[in-house]
Amino acid sequence: MFILWVPLSLFLSFIISQTWSVQMSWENWNAELRNRGNEFDKRSSQPHIVFILVDDQGFRDVGYHGSEIKTPTLDRLAAQGVKLENYYVQPLCSPSRSQLMTGRYQIHTGLQHSIIRATQPNCLPLENVTLPQKLKQAGYSTHMVGKWHLGFYKRGCLPTQRGFDSFFGSLLGSGDYYSHYKCEGPGICGYDLYEGEEAAWEQDRGLYSTVMFTRKAINILANHNPRRQPLFLYLAYQAVHSPLQVPARYLERYKGIPNLHRRKYAAMVSCLDEAIHNLTLALKRYGYYDNTVIVYSSDNGGQPLAGGSNWPLRGSKATYWEGGIRAVGFVHSPLLVRKGTKCRSLVHITDWFPTLVTLGEGTLDEDLNLDGYDVWEAISEGRPSPRQDILHNIDPIYIKAKNGSWKAGYGLWNTAIQAALRVGHWKLLTGVPGYSDWVPPQTFSNQRLTNRYHNERVRWDRGKSVWLFNITADPYERVDLSQRYPHIVKKMLMRLAHYNRTAVPVRYPAKDLRSNPQYNGGVWGPWFKDEREEQEEDERYNHLFTNHLGKRRWKKKSKSRKLKRKVEE
């Protein structure tokens, strides 16, 4: 028998090398797992986006614009970010929200006129791609908390059908801050608080909506992993829209304000400021803050009758004067290149769609036909804005100006039609722009403003249908230049006519009696079913009915068979 002799040292070295190789392979495998884990936990290059939209906050109603209302959180966030000091929205709720969601002007969505009423079979047209849909395509988790006000007459209009993974809030434009009920006329009242696509009866604790929405938003942050997936949170507060309701402890701070409306309004803004402070703390606590872009915006100007102030701007909510459309806005983010600055470039609410989709590494298809621009470099780096003009609106069915005519519009435009356009430094208005007073803070009484004429009121406005202002030189719209610069007026009117050729028909249907909540379990919600939905419902019913009959027939047959067997036996 032949035995191969191997030196002991060589044998031991072989064993050790094999053991070491196994050990190394395990270590490599563990290291690879750790690397994969690190990759899994690695911060995404896509930023989290928190868009805060508040309701009816006036231009002056923030501390850094000289208000007597204390807003330490907003002042600090704005001071550490970029203040948008040439920022425009629409004069009413639904129009601003529609342009935020689509990046398109009202004339291109059919929502040129007024707001979407609770009783109308109307909503943001379904063919329009929305901001959350585009961010969802880019990999975002999308959540909405707060006020929708973009229609709900059928299920396809609801937020969860328009790109949001979750929705908690109200569908209407306003309502009671505690009970969440809203009346749209005698006997047309209902509950308006939703979780997803169902009434949130179980979620309702009678909480003040500003507190309730903030808690819900913080809960979303707490239950999402910021390292796994980017988050888009759209937080649309009901505040500070009427009715003027607020917890009593906030009123104590403003005992010195004699006007009760202004006092309540100021308290509501303070509560809102505290809510945003709590939200900011949550962003830091749960690991979002360093990679988050916070956008803050009002949806339109303040309403002096309900305590708001746009001083020193002219006009109010629902008007095309600067007080109705120039908004409080800022961006706060560690990702900004130039912090602590003011952006004086022209920025419009339609710009958020392309700006945020691009920031979120999404795609902007040409067929979206956007009216907005990507203004991130203008905001973050102080570069010139690509936006040079804004079509504030063309509303062909609003009250016609009595003295308006084609002749007054040099044959280029019928000045009876309500329209407003900004090009560079120039702003043109035609038709009836709306209530045109300058209302100093706290000087208005509890009486209707129409019964009190401020001493700076321009009485000759009544016979006019065309105005031209240099907004850069005259941001308060005190000096009309339409007679001095007719050639500028003509150019602006030609631009209006050009825009009008691209307009789609106005969507403003009549009231639908089926919208009454009494037909829907006391809840405001979808009431309209199109032919396809009715057909699907009929098919489901018929399927259930057929199955039920089939079971009964099968039972009868089985019983008869059993009886037959017994007889035969």
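Here the structure is a predicted model, which is why all the values come from computation and not from measurement. All heavy atoms count here, side chains included; hydrogens, waters and symmetry mates do not.
In this structure, L359 and V293 approach most closely via the heavy-atom pair CD2-CG2, 3.8 Å. A pairwise comparison of heavy atoms in K147 and M144 identifies O-CE, 3.1 Å as the closest pair. Residues A503 and Q112 come closest through the heavy atom pair CB-NE2, 4.4 Å. What you find for V504 and G110 is that their closest heavy atoms are CG2-N, 3.3 Å. Here the closest non-hydrogen pair linking S316 and N310 is CA-ND2, 3.5 Å. Heavy atoms only, all atoms of each residue included: S96 and I349 are closest at O-CD1, 3.5 Å.
Side chain of E477 to backbone of F469: no donor-acceptor contact under 3.5 angstrom is found. Checked by atom type and distance alone, the side chain of R326 pairs as donor or acceptor with a backbone atom of E85 at under 3.5 Å. When atom types are taken as modelled, the side chain of S380 and the backbone of V337 share a donor-acceptor pair closer than 3.5 angstrom. D273 places a side-chain N or O within donor-acceptor distance of the main-chain N or O of T73, the cut-off being under 3.5 Å. Between the H261 side chain and the L305 main chain, a donor and an acceptor come within less than 3.5 Å of each other. Judged by distance alone, with hydrogens and angles left aside, the side-chain atoms of N291 form a donor-acceptor pair with the main-chain N or O of Q46 at under 3.5 Å. At distances below 3.5 Å, not a single donor-acceptor pair connects side-chain atoms of S465 with backbone N or O atoms of T430. Using a distance-only test at 3.5 Å, with no hydrogens or angles considered, a donor-acceptor pair links the side chain of T355 to the main chain of V375. A donor-acceptor pair under 3.5 Å links the side-chain atoms of H332 to the main chain of L77, judged by distance alone. Checked by atom type and distance alone, the side chain of R60 pairs as donor or acceptor with a backbone atom of G66 at under 3.5 Å.
Residues R262 and D61 are paired through a salt bridge, judged by an N-O separation under 4.0 Å between the basic side chain and the carboxylate. Salt bridge status for R97 with D55: present, with a side-chain N to carboxylate O gap under 4.0 Å.
For H108 and N369, the side-chain atoms include no donor-acceptor pair closer than 3.5 Å. Neither side chain, T280 nor Y289, offers a donor N or O lying under 3.5 Å from an acceptor on the other. Looking at S170 and Q238, their side chains never bring a donor and an acceptor atom within 3.5 Å of each other. Side-chain contact, Y237 with Q57: no donor N or O sits under 3.5 Å from an acceptor N or O.
The one candidate from H113, Q99, R507 that meets the side chain to side chain donor-acceptor pair (under 3.5 Å) condition with Q106 is Q99. Screening K464, R314, K427 against D480 for a salt bridge (Lys or Arg N to Asp or Glu O under 4.0 Å) leaves a single residue, K464.
Contacts classified as side-chain hydrogen bond (donor to acceptor under 3.5 Å, both in side chains) and involving residues 124-135 (residues at least two apart or in different chains) are given here: R104-N128, T130-Q133, K134-Q137, K134-D365. The side-chain hydrogen bond (donor to acceptor under 3.5 Å, both in side chains) analysis of residues 382-391, with sequence neighbours excluded, yields the pairs Y105-R387, T350-R387, D351-R387, E377-R383, E381-R383, D389-R495, D389-Y499. The list of ring-ring contact (aromatic ring centres under 6.0 Å, His included) pairs with a residue in residues 53-78, not counting sequence neighbours, reads F59-H65. Listed by first and then second residue, the ring-ring contact (aromatic ring centres under 6.0 Å, His included) pairs that reach into residues 368-415 are Y88-H392, sequence neighbours excluded. Note on residues 106-118: no pairs pass salt bridge (charged side-chain N to carboxylate O under 4.0 Å, His left out), not counting sequence neighbours.
In this structure, I294 CD1 and H48 NE2 are separated by 11.5 Å, a value rounded to the nearest 0.5 Å. Residue Y87 holds its OH atom at 9.0 Å from CD1 of I379, rounded to the nearest 0.5 Å.
Applying the side chain to side chain donor-acceptor pair (under 3.5 Å) criterion to K83, with sequence neighbours excluded, gives no partner residue. Applying the side chain to side chain donor-acceptor pair (under 3.5 Å) rule to T71 yields the partners D75; only residues at least two apart in sequence or on another chain are considered. Every residue two or more places apart in sequence or in another chain that forms a side chain to side chain donor-acceptor pair (under 3.5 Å) with N300 is listed here: D56. Residues satisfying the side chain to side chain donor-acceptor pair (under 3.5 Å) criterion with W148, sequence neighbours excluded, are absent altogether. In this structure, K264 has no salt bridge (charged side-chain N to carboxylate O under 4.0 Å, His left out) partners at least two apart in sequence or on a different chain. The ring-ring contact (aromatic ring centres under 6.0 Å, His included) search around Y254 returns none, not counting sequence neighbours. Remark: C123 pairs with C157 by the disulfide bond (SG atoms under 2.5 Å apart) rule, at least two apart or across chains.
Aromatic ring pairs are classed by plane angle as parallel below 30°, tilted from 30° to 60° and perpendicular above 60°; the pair Y234 and F164 is parallel.
M101 has its side chain within reach of P132: a pair of non-hydrogen atoms, C-beta onward, lies under 4.5 Å apart. Within the 4.5 Å cutoff, the side chain of V357 has no heavy atoms near those of the T363 side chain.
Few gaps surround NZ on K400; more than 12 heavy atoms of other groups in view lie less than 6.0 Å from it. Applying the 6.0 Å contact sphere to NZ of K491 captures no more than 12 heavy atoms from other residues, nucleotides or ligands. In this structure, Y508 places its OH atom where more than 12 heavy-atom neighbours from other residues, nucleotides or ligands lie under 6.0 Å away.
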Under the ring-ring contact (aromatic ring centres under 6.0 Å, His included) criterion, do W438 and W321 qualify, and how do the steps go? CA-CA 10 Å; W438 294 270; W321 304 106; 7.9 Å; no
From CA spacing to verdict: side chain to side chain contact (heavy atoms under 4.5 Å, CB included), L391, D371: CA-CA 9 Å; L391 175 67; D371 296 305; over 6 Å; no
Quick one, Y250 with V269, criterion side chain to side chain contact (heavy atoms under 4.5 Å, CB included). Give me CA distance, side-chain angles, the key distance, then yes/no. CA-CA 9 Å; Y250 295 97; V269 174; over 6 Å; no
